[in-house]
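One structure below.
What you see below is based on every heavy atom in this structure, not just the backbone, and it leaves out hydrogens, waters and symmetry mates. Note on naming: letters A, B, ... go to the chains in the order of the sequence lines (proteins, then strands), and numbering restarts at 1 for each one.
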Amino acid sequence: MIYSLNTGEMAQLYERISKEFETYGTVDIQGDITFSRIESYDELRIGRSDKPPKEFLIGRNENVLVFTEPNKKAVFGVMSCDLKGFYIMDKQIYGKDPFYTARRDNTVFINYVCTEPCETGFCSSFGGPLLNNYQIQVINYENDKYLIYADDAYISFFEGFKQASKEEISKVEKLMHNFNMKQKKHEVEGSENRIKWNSKLWDEYAKICIQCGACNYSCPTCYCFDLNDVGEERIREWDSCILAGFTKTSAGNPRESLASRLRQRFYHKFVYYKKSKGEYLCTGCNRCTDDCPVDIEIKEVIDHDYNNE
Amino acid sequence: MAQISVCPYCGTGCQIVVPEKDEPFSVSGYKGSPVNNGKLCIKGYTGLNYSFSKERLTYPLFNENGNFIRISWEDAIELAANKLLKIREEFGPDSVAFQSSAKCTNEENYLMQKMARVFGTNNIDHCARSCHSPTALGLINTLGTGAATGSIKSLEGTNTFFIIGSNTTEQHPIIGSKIISEVKKGKKLIVADPRKIKLAELADIHMQFRPGTDVALLNSLMFVIVKEKLYDKEFIDSRTEGFNELREEVIKYDPIITSEITGVEPELVYEAARTYATNRPSAIFYAMGITQHIHGTENVMNVSNLALITGNLGKYGSGIFPLRGQNNVQGSSDMGALAEFYPGYIRWDSDKIEKFAKLWNSTLPKKKGLTLSEMFDRAADGEIKAIYLMGENPLITEANIARVEEGIDNLEFFIVQDIFMTLTAAKADLVLPAASSLEKEGTFTNTERRIQRIFPIYKPPGEAKPDWWIINKLGSRMNLWKEYSGPEEIFNEIREAIYNYSGATYENIYPVGKQWPINKENPDGTEILHTRSFPLGKGKLVPIKFNPPSESVDGEYDLIMTTGRNYFHWHSGTMTRLSQILEREAPEPYIEINSEDAYERKIRNGQLVNVKSRHGEIRIRAKVTNLVPKGIVFIPFHYKESRVNLLVGENLDPISKIPEFKVVAVKVMP
């Protein structure tokens, strides 16, 4: 259902949700937007968070020998590009990873749709910020006006709120159309057949990459981890495929060179996942490039003319 | 709610956003930071686990015949005070030595050196001795200030980067990446390093010179600059003195002659000199590759010579950047945790120290203090009876560790304050559990002189306490001072002690730190030093004569070993080796050896080999690689399994007393 709310009603909506869920949201720490526990709707600052919200579902470091039923959480202020990451990841890990699955089932993400393109993102190349898959999706399309797309599972929170009119919906659709027109398009479609194994890009990137892991840690779709026994715990920790140890085995390392590891990351994103799961493992958030200290451009991997190197 | 802090690893001082413990978030870079703009390296992302390790020390421990027993803080402070006071009474204050830490805050370092001096001795030193003491002494001698002259941000304005003796992308990754970004834009990059480091691959010119021949190389660069008159005459005339004397010296270093010494083709020297001198502004970056030599201080002064004659100082984008190793080695040196310097680099024998007698309401020691390696040496001789050591692990990191061990074993009383039971702490009589940098308040000063704040985001484990708390208690128990209420009160005293810090307050250095000098004349701090004049007035040009390193190859010891860090680990590994990801990447000690050298010695990749120097021997795995040239091997010093410092000799730079970590003659045997 689609609803139309004003700012006061948004706060009411928050109140209703907070009765049932532990509430989190994006807050401002000295200009840095970051996720935190919040106690009131006033604390929420909408903006691009410093990192994606994937830690709500995949812990940075956690003991996987103990399973505890997760609390019900509501997370306000998630960007659409970040939320989309979960829907893509679901195809690989939902139902398989019990921690992820339980948290996914117990978390409601309230995503906020951008109305103006951000500086570096390219989400419109993946369909734009208004998502087809969502739980509760919010568009603050005019000063005091919010259009809310809510999944039927959350209908009870909207009792008494006004349903959106046709005019309002078409206004938003037009806004989204303009958004997608304004943002530069990158031809993602077909990249699984264009990207070349022997491209010079991988060597060029390897020359400058300092293996910080930022592209993995900042990515809303990277879900790889490593397991280590530490004392009585078995710790699962986020991993980075850029590191040599990621694929090291007792028989050696199939990806000894940094170039081959960088290639692997892009192949996973644009070739393997597409071919096996039908989707690209990328949402156009551009976080990997924004957080990359040496400016390796994911858009270049998409746009590069592989046939004429 | 999350809070802003500073990464505890290298001197870059990246600001991080740290979540509260019960929140499911990880550390990320602070986007508002002028230092790192939200970026981090792998140590920042995955290296902070140690703070939550179950191996943390949680109670004061007393060593009773080899068994550590838990005691109360009250007893620990009482015991420490009584022992130190008794030793002072019996043998005098100079029988006690204090070792501070560049991992600790400014407040803690300030207190530690104050403790030593009010106690009655200048025996105060710390690991800056083994990294940048030549920088402090060298640059103070030539310019008047021993610190980086520009800001990290100012590198946007640099046209030529000259890296000598710094593996920047591995040791200061965020500064290294900044250089890479600039080079991608077309800026020039010159690298002088015996190893084929990452930046060497991107460099326009890579001079792969032999370890220990820095002076010859730098002099021959200046030979070209003088010969082709590429120097900045106006700058030399108005801002420097001693050019004629310098010229007399450098004209002896024709690249054709020095190539015999350095192994660098003369053409490369010409090209490098021309690029550095003409494609200005140029900035020089150096680290341990310059300082850890018996001529470390001279190396630094020669770097300064090169910058001065080309006018590459005092302008945005130019400068000298000694890249600081530890997160607070700039600050700990500023605080005067050095044998020869009081806070603000006031020499121990200068009249100006009277101000400290007043400020501390105390008489001051008259004798010259001992440096780090001298302290252990004198302990072995029986002259030093007690050491109070904070946050260092010399049994891995010091040169000539067999002698260090002898010294420690000979002490009457040894106090170690740390967050872990390190190899060194295990030898202590009294172990005091400290808080990590995420658990205490204070300030760090990064490699660009930026004073930044940290906060107690988590509670220390068990009864562990912030270092300032411990020193504070011990100092007041020994009647050295009246107890301080907290770090801010200590910081306010620092502002009185050091004029360059006087304008900084806990309010105005948050959330973004400020660069010293920050004082009445520069209320907002100072991004670029020496824009109009040097603290000395004119910059001093000091002719430096080339002398070979103390160690050289012979028939038996036929390879030159250099030591250093790798990307994944930090110093003695007590922090990074607890991060599973970092440990996985570099799990064991190794020696990098060139494939030709390996072939000649019938050594295969991955094979265990014995490495022997004139001072010791270790067993270690061979990594056959052409990152090192023929004739040179490299061993990182992180690993307690094979401590490379057993191989490093006792030779010191006579000026700064830094050991010669970078040149050791060894033989490698399968």
Side-chain angles (χ1 to χ4, degrees), chain A residues 24 27-38 43 48-51 53-62 70 73 103 204 206-214 216-218 226-233 235 237-240 242-246 248 258 290-295, chain B residues 1-4 15 17 19-20 22-33 36-46 49 52-55 168-170 173-181 183-185 198-199 201-202 510-512 567-568 578-587:
Chain A
Y24 291 79
V27 299
D28 185 326
I29 305 280
Q30 302 293 339
D32 203 89
I33 304 284
T34 194
F35 287 102
S36 173
R37 187 90 166 82
I38 54 171
E43 288 178 56
R48 196 176 146 111
S49 55
D50 54 2
K51 54 198 162 196
K54 67 180 171 183
E55 283 160 280
F56 285 102
L57 305 189
I58 311 174
R60 183 70 180 73
N61 302 60
E62 59 184 336
K73 289 179 181 156
R103 290 177 190 146
E204 278 173 19
K207 252 186 168 175
I208 57 174
C209 170
I210 62 161
Q211 305 183 62
C212 66
N216 299 112
Y217 299 140
S218 70
D226 195 16
L227 280 175
N228 279 289
D229 286 356
V230 183
E232 288 168 357
E233 297 183 333
I235 301 291
E237 183 172 3
W238 286 9
D239 208 344
S240 163
I242 304 304
L243 302 174
F246 182 78
K248 199 171 168 191
L258 178 53
D290 293 340
D291 284 0
C292 177
V294 295
D295 313 316
Chain B
M1 226 181 247
Q3 284 203 58
I4 296 172
Q15 284 185 286
V17 180
E20 272 178 28
D22 56 348
E23 295 186 339
F25 313 125
S26 59
V27 164
S28 59
Y30 174 47
K31 299 225 181 329
S33 174
N36 56 313
N37 302 306
K39 324 239 165 175
L40 292 178
C41 78
I42 192 79
K43 288 192 282 286
Y45 279 118
T46 70
N49 307 7
F52 311 106
S53 165
K54 292 200 170 71
E55 291 172 34
T168 324
T169 57
E170 295 203 14
I174 293 305
I175 295 178
S177 65
K178 179 102 185 160
I179 294 170
I180 290 178
S181 299
V183 169
K184 266 174 76 184
K185 292 181 201 159
K198 189 165 193 102
L199 285 179
E201 270 188 67
L202 295 168
Y510 180 78
V512 167
Y567 177 45
F568 298 101
L578 292 172
S579 157
Q580 274 71 45
I581 298 279
L582 297 177
E583 180 66 357
R584 179 191 75 192
E585 293 305 309

Rounded to the nearest 0.5 Å, how far apart are [atom1] of [X] and [atom2] of [Y]?
{"X": "B:Lys31", "Y": "A:Thr34", "atom1": "NZ", "atom2": "OG1", "answer": "9.0 Å"}
{"X": "A:Ile235", "Y": "B:Ile581", "atom1": "CD1", "atom2": "CD1", "answer": "11.5 Å"}
{"X": "A:Lys207", "Y": "B:Lys184", "atom1": "NZ", "atom2": "NZ", "answer": "12.5 Å"}
{"X": "A:Asn216", "Y": "B:Tyr45", "atom1": "CG", "atom2": "OH", "answer": "10.0 Å"}
{"X": "A:Ile242", "Y": "B:Ile42", "atom1": "CD1", "atom2": "CD1", "answer": "10.0 Å"}

Using heavy-atom distances under 4.5 Å, tell me whether B:Phe568 contacts chain A through its side chain, its backbone, both, or neither.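 It is the side chain, since no backbone atom gets that close.
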Considering only heavy atoms, which portion of B:Glu585 lies under 4.5 Å from any heavy atom of chain A: side chain, backbone, both, or neither?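 When you check distances to chain A, only side chain atoms of B:Glu585 fall under 4.5 Å.
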Residues forming a salt bridge (Lys or Arg N to Asp or Glu O under 4.0 Å) with A:Glu237, sequence neighbours excluded: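 Result, salt bridge (Lys or Arg N to Asp or Glu O under 4.0 Å) vs A:Glu237: A:Arg60.
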Not counting sequence neighbours, which residues clear salt bridge (Lys or Arg N to Asp or Glu O under 4.0 Å) with A:Asp32? List them please.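 Expected list: none.
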Just do the side-chain contact (heavy atoms from CB on, under 4.5 Å) check on B:Gln580 and A:Val230 with the steps written out, would you? CA-CA 9 Å; B:Gln580 274 71 45; A:Val230 183; 3.3 Å; yes
Between B:Thr46, B:Val512, B:Asn37, B:Thr169, which residue shows the highest count of heavy-atom pairs closer than 4.5 Å to chain A?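 Among B:Thr46, B:Val512, B:Asn37, B:Thr169, the one with the most close pairs to chain A is B:Thr46.
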Which one wins on heavy-atom pair count under 4.5 Å against chain A: B:Pro587, B:Ser177, B:Gly44?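 Top option by heavy-atom pairs under 4.5 Å: B:Ser177.
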Do NZ/NE/NH1/NH2 and the carboxylate oxygens of A:Glu233 and B:Lys54 come within less than 4.0 Å?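 Salt bridge between A:Glu233 and B:Lys54, a charged N being under 4.0 Å from a carboxylate O: yes.
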Please name the pair of heavy atoms, one in B:Ser28 and one in A:Lys51, separated by the smallest distance, quoted to 0.1 Å.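 Nearest pair, atom of B:Ser28 first, then A:Lys51: OG-NZ, 3.6 Å.
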B:Arg584 versus A:Ser240, closest heavy-atom pair with distance: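 Reported closest heavy-atom pair: NH2-O, 4.4 Å.
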At a 4.5 Å cut-off on heavy atoms, which part of [X] comes close to chain B: side chain, backbone, both, or neither?
{"X": "A:Glu43", "value": "side chain"}
{"X": "A:Asn61", "value": "side chain"}
{"X": "A:Leu258", "value": "side chain"}

Of all of [options], which one pairs up most often with chain B through heavy atoms under 4.5 Å apart?
{"options": "A:Val294, A:Leu243, A:Asp290, A:Val27", "value": "A:Leu243"}
{"options": "A:Cys292, A:Gly31, A:Gly213", "value": "A:Cys292"}
{"options": "A:Ile38, A:Ile33, A:Ile208, A:Asn228", "value": "A:Ile208"}

Quick check against the 3.5 Å criterion: does [X] have a side-chain atom that pairs as donor or acceptor with the backbone of [Y]?
{"X": "B:Lys39", "Y": "A:Cys212", "value": "no"}
{"X": "B:Tyr30", "Y": "A:Ile29", "value": "no"}
{"X": "A:Tyr217", "Y": "B:Ser26", "value": "no"}

